[in-house]
Amino acid sequence: IFFYGQQFQGDAFVFCVDRSGSMSDHGELARSKREICRNIMEFSPETEFAVCFFDTGWRIWPFSHKPVKATIQNKQLACRWVGFIRGGAMSCPKSALLKSLRTLNASKGRRRCLIYVGDGGGTCMSQGWRNMFPDIDTVTASLRFEEAYLAETLTEVRRMNYKRASINTIGVMMNGRLNRHHNFVRLLAQQNN
């Protein structure tokens, strides 16, 4: 398939897409939805697929949490569901990536491909993490939490990717400077085929 101008190969695909506020505010969510549906409609009937969107939680289609064949009916149902997805809150990719991998692992396809689209953020703040850093300001605590959260996400994704799916990343809304978001997107792809 060609997605965001990049070529990806596989016979089973799961799209895992950030729907946080920043994605909605800058039009990237709408673009991602168009790209996903264009690709779904071009899938051969033997291709298996699923779609997951995340913010602080996740939503996945199909509701069985198992990839489905790209029949005409499944393509139409999936694109209708994608069309109803709206922007959400913050970015919490860990649970969505793990759910996407579980879904992909259920595929019968030999060449499994997960495509992550997002800004690389892990901004789902929790009071428990803020409480771990009571002596520092909120901004510093937030940065420490995000770094720890993204590192933990990489570790858990590697562990869950026991069927060696190819995880490809599309980093959106990233400026030219390298930072923890850029690093997360790069490492997610590098560490997962």
Side-chain angles (χ1 to χ4, degrees), residues 1-44 47-63 65 67-68 70 74-104 107 112-124 146 150 153-154 157 165-176 179-190 192:
I1 65 170
F2 284 91
F3 188 76
Y4 273 79
Q6 302 296 313
Q7 185 175 8
F8 303 104
Q9 295 183 352
D11 46 27
F13 291 91
V14 175
F15 299 95
C16 185
V17 181
D18 187 349
R19 67 180 194 100
S20 65
S22 59
M23 290 286 286
S24 301
D25 295 345
H26 295 93
E28 285 300 328
L29 179 59
R31 180 180 179 192
S32 294
K33 289 165 57 171
R34 284 191 307 272
E35 291 272 339
I36 289 168
C37 283
R38 182 182 54 75
N39 276 279
I40 287 173
M41 296 312 277
E42 293 175 357
F43 282 155
S44 74
T47 303
E48 293 181 306
F49 74 99
V51 184
C52 182
F53 287 92
F54 67 90
D55 60 346
T56 54
W58 51 264
R59 296 179 182 179
I60 195 163
W61 189 94
F63 306 122
H65 303 186
V68 294
N74 284 338
K75 291 177 184 184
Q76 291 171 342
L77 289 170
C79 286
R80 187 176 311 133
W81 180 82
V82 167
F84 285 116
I85 294 294
R86 299 290 174 254
M90 295 178 243
S91 296
C92 301
K94 180 172 60 174
S95 62
L97 283 164
L98 295 175
K99 173 49 78 178
S100 295
L101 272 173
R102 279 187 208 100
T103 300
L104 197 55
S107 165
R112 297 172 182 86
C113 181
L114 189 151
I115 300 175
Y116 162 92
V117 180
D119 63 9
T123 55
C124 51
E146 187 173 24
L150 293 174
T153 299
L154 290 171
V157 165
S166 171
I167 299 180
N168 300 277
T169 58
I170 306 288
V172 296
M173 298 184 316
M174 300 186 141
N175 56 26
N179 58 23
R180 69 185 163 282
H181 298 161
H182 220 130
N183 197 43
F184 172 74
V185 171
R186 181 180 57 79
L187 289 174
L188 182 60
Q190 279 182 350
N192 294 279

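Note that this is a predicted model, so its numbers are computed, not measured. Residue numbers run from 1 in the order of the sequence given.
- From N168, atom CG reaches atom CD of Q9 across 10.5 Å, with rounding to the nearest 0.5 Å.
- For the pair S91 (side chain) and S20 (backbone), a donor-acceptor distance under 3.5 Å is absent.
- A donor-acceptor pair under 3.5 Å links the side-chain atoms of R19 to the main chain of R86, judged by distance alone.
- Distance alone, capped at 3.5 Å, places no donor-acceptor pair between the D11 side chain and the E48 backbone.
- Between V185 and G120, the closest heavy-atom pair is CG2-CA, 3.6 Å.
- Counting heavy atoms from C-beta outward, K33 and I36 have side chains that stay 4.5 Å or more apart.
- Listed here is the closest heavy atom pair of G121 and P93: O-CD, 3.5 Å.
- Taking the ring-ring contact (aromatic ring centres under 6.0 Å, His included) definition, one finds that F3 meets it with F15, sequence neighbours left out.
- Note that CD1 of I167 and CD1 of I115 are 11.0 Å apart. Values are rounded to the nearest 0.5 Å.
- The main-chain N or O of M41 is found under 3.5 Å from a side-chain atom of K75 such that the two form a donor-acceptor pair.
- Here CG of D119 is found 6.5 Å from NE2 of H181. Values are rounded to the nearest 0.5 Å.
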Check the pair S32 / Y4 against side chain to side chain contact (heavy atoms under 4.5 Å, CB included), numbers first and verdict last.
CA-CA 8 Å; S32 294; Y4 273 79; 2.7 Å; yes

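- The two residues F54 and A96 have their closest heavy-atom pair at CB-CB, 3.4 Å.
- S100 and T103 share no donor-acceptor pair across their side chains, judged by distance under 3.5 Å alone.
- Proximity of W81 to R59: side-chain heavy atoms (C-beta onward) are separated by under 4.5 Å at one or more points.
- Taking every heavy atom of both residues into account, W58 and S95 meet most closely at CD1-OG, 3.4 Å.
- Looking at heavy atoms from C-beta onward, L188 lies in side-chain contact with F184 at the 4.5 angstrom threshold.
- Put simply, the side chain of N39 gets close to the backbone of E35: a donor and an acceptor are under 3.5 Å apart.
- F49 meets the ring-ring contact (aromatic ring centres under 6.0 Å, His included) test with F43, W61; sequence neighbours excluded.
- Residues G87 and S24 come closest through the heavy atom pair CA-OG, 2.9 Å.
- Two residues are said to be in side-chain contact when any heavy atoms from C-beta on lie closer than 4.5 Å; R34 and R38 fail this criterion.
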CA sep, side-chain torsions, deciding dist, call: I1, E42, side chain to side chain contact (heavy atoms under 4.5 Å, CB included)
CA-CA 8 Å; I1 65 170; E42 293 175 357; over 6 Å; no

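- Annotation for F63: atom CZ counts as buried by contact number, over 12 foreign heavy atoms lying within 6.0 Å.
- By the neighbour-count criterion of 12 heavy atoms within 6.0 Å, atom NE2 of H26 is sparsely surrounded, having that number or fewer from other residues, nucleotides or ligands.
- Put simply, the side chain of K99 never gets that close to the backbone of I60: no donor and acceptor are under 3.5 Å apart.
- Nearest heavy-atom pair across V172 and E28 is CG1-OE1, 3.6 Å.
- The shortest distance between side-chain heavy atoms of I170 and Q6 falls below 4.5 Å.
- At a threshold of 4.5 Å between non-hydrogen side-chain atoms, the residues V17 and V51 do not count as touching.
- Looking at residues two or more places apart in sequence or on another chain, you find a side-chain contact (heavy atoms from CB on, under 4.5 Å) between A89 and D55, T56.
- Between P67 and F13 there is no side-chain heavy-atom pair separated by less than 4.5 Å.
- Contact of the L29 side chain with the F53 side chain is registered, since non-hydrogen atoms from C-beta on lie closer than 4.5 Å.
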